[in-house]
Amino acid sequence: MRTVTGWWQKPLIISKNVWAGLSLASMNIPQVLGYARIAGMPTVTGLYTVLFPLVAFALFGSSRHLVVAADSATAAIFSSALSEIEPVGSAAYMRLVSAVALLNAVFLLVARLCRLGFLSDFLSRTVLVGFLAGVGVQVSMSMLYDMVGLEAGSHNTVAQFVGLVQAVAHVHLLSLAISCAACSLLLCGGRFLPGRPVALVVVLGALGLSWLLGLARYGVTVLGPMQGGLPHFLVPVVSWHQFLALLPVSASCVFVIIAQSAATSHAFAYRLHETVDANADIVGLCAANAVAGLSGTFTVNGSPTQTAMAVQAGATSQRAQLVFAAVTLCVLLFFTGPLQYLPRCILGSVVFCVAVGMIDVAALNHIRKESPGEFRLALVTLATVVSIGVEQGIFIAIALSLFRHVRHSYRPHTMVLRPDPATHELEASPVRAGMQTEPGLVIYRFCADLFYANCSLFAEDIDLLLCNPPTPVRCVVVDCSAITDIDYSAASVVRDVLFRLQMRGVRVIFGRVASYALADMERHHIAAALGEGNIYAQLHQAMASARQTLAQPELNSRVADSL
């Protein structure tokens, strides 16, 4: 193939992607059939989600590993809403489902034009580790039902656990034995044969044994018959009333698509030391959902589980997903018949082992050792995903990350620069009452932007430093290196502090003032309150000016009189 096309320049990498694509197809084709059941759509439409939509994202997206296909979160969102409008499985219901996918594509296009990819920047590595671990626990629990031959009665992980404990007496022992054997082979293969298509061998072997032995006769649940053939492209037509009803459904799906896809692509990019372009991924998701809507299938999304499968199978680029799509095409045309013999417990075992691998215990332990606060944030994210759901877990995790950041900005570190006794270089020390850099001079550093929530700390520190000093303070130099923004409320407080210091005869100088902070100071009249010659771009310039003030003896008597 390399000789004929001239394209396959790296045979080792390409062969790995081919094997990864084959393994991915063997594990995911049965899984997407289950997602079609959640969506209330014909079984074959699950295969349609990993045909043209998969190719569309591979062409337009930036992530090398993200698998965009059917997803349980979005399927549950639109199926529960649309089932109240039309009967599940009817032709009208299927049109609504495809229309939602097209609407998603429109909303995603708007999101790209608005460059909403920046939302992914609010997903810290801590949150992503907790998110993937939560998804791993959630998927593992749901797969246990298929592994023991039972049917889950709820989508909630906690309810599933309770239901499994209550139904332990009804476990199908043969399905459980097959699942244990499959898990043993998968885990040993992953341990001793890394990079080999062990899952593909397990799935094909189980398929053959199920056909030869007739496992369905012994109570083992199999996928069952399904139709084949390619999808028919058409534009779903809905009424104006239905269109208005679909808007909130589509908006909910799009929020989940952007958040979950960004979280998944960034999580695996961090693991593999790669980069992703969130805005380019939104374009890929837009194209994938547009193709899904036109080909008669349902909404697609970045899947954490299927992406983990791709990575574990050895995929290094979207070429593995293209191989996956090619295998799906062959299955639709020629092999939908044999799929009916695949035991669901085998599918559950494969997905279970992948989901367990998503729980990165080593990363959680490193976070715990280095930052206990962020470790608690990861655990909260994990617990939220498990107890409430993936989409709620993502948004709560973002909110907690922002809250943690605001909390640090609310009470930032503040310091006084003092000369080190050994080196005589200026070193930072925590603010204490009466601290001085030199007799009569205080160099104060505020380590955050000034805004309405933390400006009171600025005023409190200045008052504290001027409280009972060993030598009367004549000059305060504010190191503004960390201050790049000042809002209206903070500016009012700063002007009040400057007025009070000037009334006491204390000169205030701002050093290391960046252009952004200077623009805010001029706009909020702080520069005018400071007076000319009291703002410097360098700290040493501000210190030199302050020492000139200390060296002027005529000011000493004036300060003494004012005090």
Between atom [atom1] of [X] and atom [atom2] of [Y], what is the distance when rounded to the nearest 0.5 Å?
X: N289; Y: N301; atom1: CG; atom2: CG; result: 8.0 Å
X: Y93; Y: I85; atom1: OH; atom2: CD1; result: 10.0 Å
X: Y270; Y: L272; atom1: OH; atom2: CG; result: 13.0 Å
X: L102; Y: L294; atom1: CG; atom2: CG; result: 5.0 Å
X: F255; Y: T74; atom1: CZ; atom2: OG1; result: 15.0 Å
X: F161; Y: L144; atom1: CZ; atom2: CG; result: 10.0 Å

Between [X] (side chain only) and [Y] (backbone N and O only), is there a donor and an acceptor less than 3.5 Å apart?
X: N365; Y: V361; answer: no
X: T157; Y: V386; answer: yes
X: S371; Y: I367; answer: no
X: S265; Y: A262; answer: yes
X: S90; Y: P87; answer: yes
X: S175; Y: C345; answer: no
X: T264; Y: Q260; answer: yes
X: T307; Y: S303; answer: yes
X: S261; Y: I258; answer: no
X: Q242; Y: V237; answer: no

Using atom types as modelled, flag every donor-acceptor pair under 3.5 Å from a side chain in residues 51-69 to any protein atom, sequence neighbours excluded.
{"unit_1": "S62", "atom_1": "OG", "unit_2": "D277", "atom_2": "N", "d": "2.9"}
{"unit_1": "S62", "atom_1": "OG", "unit_2": "D277", "atom_2": "O", "d": "3.0"}
{"unit_1": "S62", "atom_1": "OG", "unit_2": "D281", "atom_2": "OD1", "d": "3.0"}
{"unit_1": "S63", "atom_1": "OG", "unit_2": "H65", "atom_2": "N", "d": "3.3"}
{"unit_1": "S63", "atom_1": "OG", "unit_2": "L66", "atom_2": "N", "d": "3.1"}
{"unit_1": "R64", "atom_1": "NE", "unit_2": "T316", "atom_2": "O", "d": "3.1"}
{"unit_1": "R64", "atom_1": "NH2", "unit_2": "T316", "atom_2": "O", "d": "2.9"}
{"unit_1": "H65", "atom_1": "ND1", "unit_2": "A315", "atom_2": "O", "d": "3.3"}
{"unit_1": "H65", "atom_1": "NE2", "unit_2": "E274", "atom_2": "OE1", "d": "3.2"}
{"unit_1": "H65", "atom_1": "NE2", "unit_2": "E274", "atom_2": "OE2", "d": "3.3"}

Would you say that [X] contacts [Y] through its side chain, given a criterion of any heavy-atom pair below 4.5 Å between the two side chains?
X: L24; Y: Q321; answer: yes
X: P343; Y: T221; answer: no
X: V148; Y: H172; answer: no
X: N104; Y: V100; answer: yes
X: F298; Y: S98; answer: no
X: W211; Y: P338; answer: no

Report the C-alpha separation of E151 and Y145 in whole Å, then their side-chain angles, then the decisive distance to 0.1 Å, and conclude whether the side-chain contact (heavy atoms from CB on, under 4.5 Å) test is met. CA-CA 6 Å; E151 192 75 24; Y145 277 85; 5.9 Å; no
Grab the two heavy atoms, one from [X] and one from [Y], that are nearest each other, plus how far apart they are.
X: A133; Y: I359; result: O-CG1, 3.8 Å
X: S387; Y: A383; result: OG-O, 2.7 Å
X: T328; Y: V50; result: OG1-O, 3.5 Å
X: G296; Y: M41; result: O-CE, 3.7 Å
X: S250; Y: F107; result: OG-CD1, 3.1 Å
X: R112; Y: N279; result: CD-O, 3.1 Å

Let me see the working for V323 and N17 under side-chain contact (heavy atoms from CB on, under 4.5 Å), right down to the final yes or no. CA-CA 8 Å; V323 173; N17 281 309; 5.7 Å; no
Test M147 against L176 for side-chain contact (heavy atoms from CB on, under 4.5 Å), laying out the working first. CA-CA 6 Å; M147 293 171 65; L176 177 60; 5.9 Å; no
L230 vs L329, test: side-chain contact (heavy atoms from CB on, under 4.5 Å). Steps then yes/no. CA-CA 8 Å; L230 295 177; L329 177 62; 3.3 Å; yes
Using side-chain contact (heavy atoms from CB on, under 4.5 Å) as the criterion, point out the one residue from L103, L113, V254 that pairs with L108.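 One option only clears the test, and that one is V254.
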Within a radius of less than 6.0 Å around CZ of R271, do more than 12 heavy atoms belonging to other residues, nucleotides or ligands occur?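 Yes, because the 6.0 Å sphere around CZ of R271 holds more than 12 heavy atoms from other groups.
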